[in-house]
Participant: 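One structure, pasted below without further comment.
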Amino acid sequence: GLGKAVSSNKVISLNDYLDNELKETVDTIGENYLRPSTYNDNVYGIQTYRGNVMIYYWICDKELFDATGFSADDIKNIRDLTPVLAKLKEQNENIVPIAPSLGANNTPNSFNQLAILSARDDYEDVLIGSLNPLTCIEKDDLTIKNIYETDMFKEACELAYEWNQNGYVLPDASVATDAPYDLIKAGRAASMTIGYAYGTESVDEIMDAQCGKDIVAIPLCETLLTPVTMYWSITQTCSNPEAAAKVLNMMFTNETVLNYIIFGVEGIDYVKGDVVDGIQTIKYPEGYDMSSVPYTEAYSCGIVGNQFIMYALEGNTKAEDIAFMKEKTETAKLSPIYGFDPDTTNVKTEQSAIGNVVSQYASGLLTGELDPEEYIPKMQEEMKDAGMDNFIAEVQTQLDAWEK
């Protein structure tokens, strides 16, 4: 990551260029966007500027949902799902009301309760800023806490336990291996939760295709803005860093330059279509696709420069979605620890031991297979025995230094 590149002296500070060669970029993305790449008051990289505010949706077979008599207006947050799941179970004897996620991004199998409960919904009092899978802060309090000791985690487990005990959950959900949308497609499950940066209409279309049937997508929450963690930097060995900074600036601010890099030459590698929501749409020339066109780096969409001045390729991210993500990024709420990335090298032994405890309990708790009243205390005690206090102290020391 960037932190290791900085500590090993592989990249240079960009401070000398921020008010000159990179000024347009800073004006475009905003100074807050530089916080994750700032070390000891020096900026060492520019984040890829792209949609990174996640909207968590409840996805349900539309025919089954319509039969419940509920409407989208009845579901404002994850807590509102309980009576809907009850009705789905009552009406569909052989279909499980909700299937779990499969532990994406090293998280346990769950129904995404932690991500949903910690985000912005009707309940601001549960706003959580996660530092890593083990620690967090609550609201504006910069006291590091074990995320598995928060009221939010307890509520997430209690919700899952209620669902599980009432038969709303896939059996053996904690070790499930089938993708939830495949279960919906096969008629074995009615619903799931999933996170997307896109708006409801696009998610509806995507999930229709993945689930193989008409679905309804209902937003449950909107997450805090999190760092993208893909950076463009200038190496120590660069012979002309001033010129490199100018190139970086064009990647973030010059629509023509960026789209030459991604899509190639107009008329040869792509042809232009309409402008939708301020975004130029394009498609491949007749008879060509991504694998046969003379040049394309379309696979790099969202990695290079500024996604919001990138053309919208037919069959890929739609212009409406790019405009939606831009609006969400510009208006997103930032955690007070936005940009803080603790280095856990000094407590890697503890981190490994604590991780083993989490892997033993978390999926069972977050899918409702384990009674939270009995097993959360056991989990917390074993985390302490594994060195959680030392881990928290290390992260707290680093956060205190970063905050100053």
Participant: Is it the case that the ring center of Trp58 lies less than 6.0 angstrom away from the ring center of Phe65?
Facilitator: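 That pair passes the under 6.0 Å test.
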Participant: If we ignore angles and hydrogens, is there a donor and acceptor under 3.5 Å between the side chains of Asn9 and Gln236?
Facilitator: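 Yes, because at least one side-chain N or O of Asn9 sits under 3.5 Å from a partner of the opposite role on Gln236.
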Participant: Taking only residues two or more places apart in sequence or in another chain, which ones pass side-chain hydrogen bond (donor to acceptor under 3.5 Å, both in side chains) with Thr82?
Facilitator: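 Scan of Thr82 (side-chain hydrogen bond (donor to acceptor under 3.5 Å, both in side chains), adjacent residues dropped) gives Trp163.
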Participant: Are any of the side-chain heavy atoms of Met379 and Val358 separated by less than 4.5 Å?
Facilitator: yes
Participant: Looking at every heavy atom in both Pro108 and Ala362, which two are closest together, and how far apart are they?
Facilitator: CG-CB, 3.4 Å
Participant: Please check if any side-chain donor atom of Asn109 sits under 3.5 Å from a side-chain acceptor atom of Ser174, or the reverse.
Facilitator: no
Participant: With a 4.5 Å cut-off on side-chain heavy atoms, are Gln165 and Asp371 touching?
Facilitator: no
Participant: For Gln398 and Pro342, work out which heavy atoms get closest and say how close.
Facilitator: OE1-CA, 3.4 Å
Participant: Strictly distance-based, threshold 3.5 Å: is any side-chain N or O of Glu158 a donor or acceptor partner for the main-chain N or O of Pro372?
Facilitator: no
Participant: Can you tell if the side chain of Asp61 reaches within under 4.5 Å of the side chain of Cys211, non-hydrogen atoms only?
Facilitator: no
Participant: With side chains defined as the heavy atoms from C-beta onward, is the minimum distance between Thr48 and Gln307 less than 4.5 Å?
Facilitator: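 SC-SC contact between Thr48 and Gln307 ruled out.
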Participant: For Glu21 versus Ala245, what's the shortest heavy-atom pair and its separation?
Facilitator: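 Between these two residues, the closest heavy atoms are CB-CB, 3.8 Å.
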Participant: For the residue pair Asn356 and Ser359, confirm or rule out a side-chain donor-acceptor distance under 3.5 Å.
Facilitator: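 No pair is found: no donor N or O on one side chain lies under 3.5 Å from an acceptor on the other.
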Participant: Does a side chain donor of either Tyr361 or Glu382 reach within less than 3.5 Å of an acceptor in the other side chain?
Facilitator: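 Present: a donor and an acceptor within the cut-off.
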Participant: Under a 3.5 Å cutoff, is there a donor and acceptor pairing between the side chains of Asp400 and Gln396?
Facilitator: yes
Participant: Are Tyr284 and Tyr270 close enough that their ring centres sit under 6.0 Å apart?
Facilitator: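 When the ring centroids of Tyr284 and Tyr270 are compared, they turn out to be at least 6.0 Å apart.
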Participant: With the threshold set at 4.0 Å, does a side-chain nitrogen-carboxylate oxygen contact exist between Lys145 and Glu149?
Facilitator: no
Participant: Examine Tyr33 together with Tyr49 and report whether their ring centres are nearer than 6.0 Å.
Facilitator: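 When the ring centroids of Tyr33 and Tyr49 are compared, they turn out to be within the sub-6.0 Å range.
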Participant: Hey, are Asp73 and Ser71 close enough side-chain-wise for a donor-acceptor pair under 3.5 Å?
Facilitator: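 Side chains of Ser71 and Asp73: no pair found under 3.5 Å.
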Participant: Is the shortest distance from a Lys or Arg side-chain nitrogen in Asp208 or Lys213 to a carboxylate oxygen in the other one below 4.0 Å?
Facilitator: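 No.
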Participant: Any salt bridge linking Glu155 with Arg79? Criterion: basic side-chain nitrogen under 4.0 Å from a carboxylate oxygen.
Facilitator: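 Here Glu155 pairs with Arg79 in a salt bridge, since their nearest N and O are under 4.0 Å apart.
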Participant: Measure across Ser233 and Tyr44 and return the closest heavy-atom pair with its distance rounded to 0.1 Å.
Facilitator: OG-O, 2.7 Å
Participant: Quick one: closest heavy-atom pair of Ala217 and Pro219, and the distance?
Facilitator: O-CD, 4.0 Å
Participant: Look at the side chain of Asn254 and the backbone N and O of Thr256, then say whether any donor-acceptor pair between them is shorter than 3.5 Å.
Facilitator: yes
Participant: Out of curiosity, Leu117 CG to Asp151 CG, how far, rounded to the nearest 0.5 Å?
Facilitator: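 Reported value, rounded in 0.5 Å steps: 11.5 Å.
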Participant: Less than 4.5 Å apart, side chain to side chain, heavy atoms only: is that true for Thr317 and Tyr198?
Facilitator: yes
Participant: Does Arg50 reach the side chain of Lys326, with side-chain heavy atoms less than 4.5 Å apart?
Facilitator: no
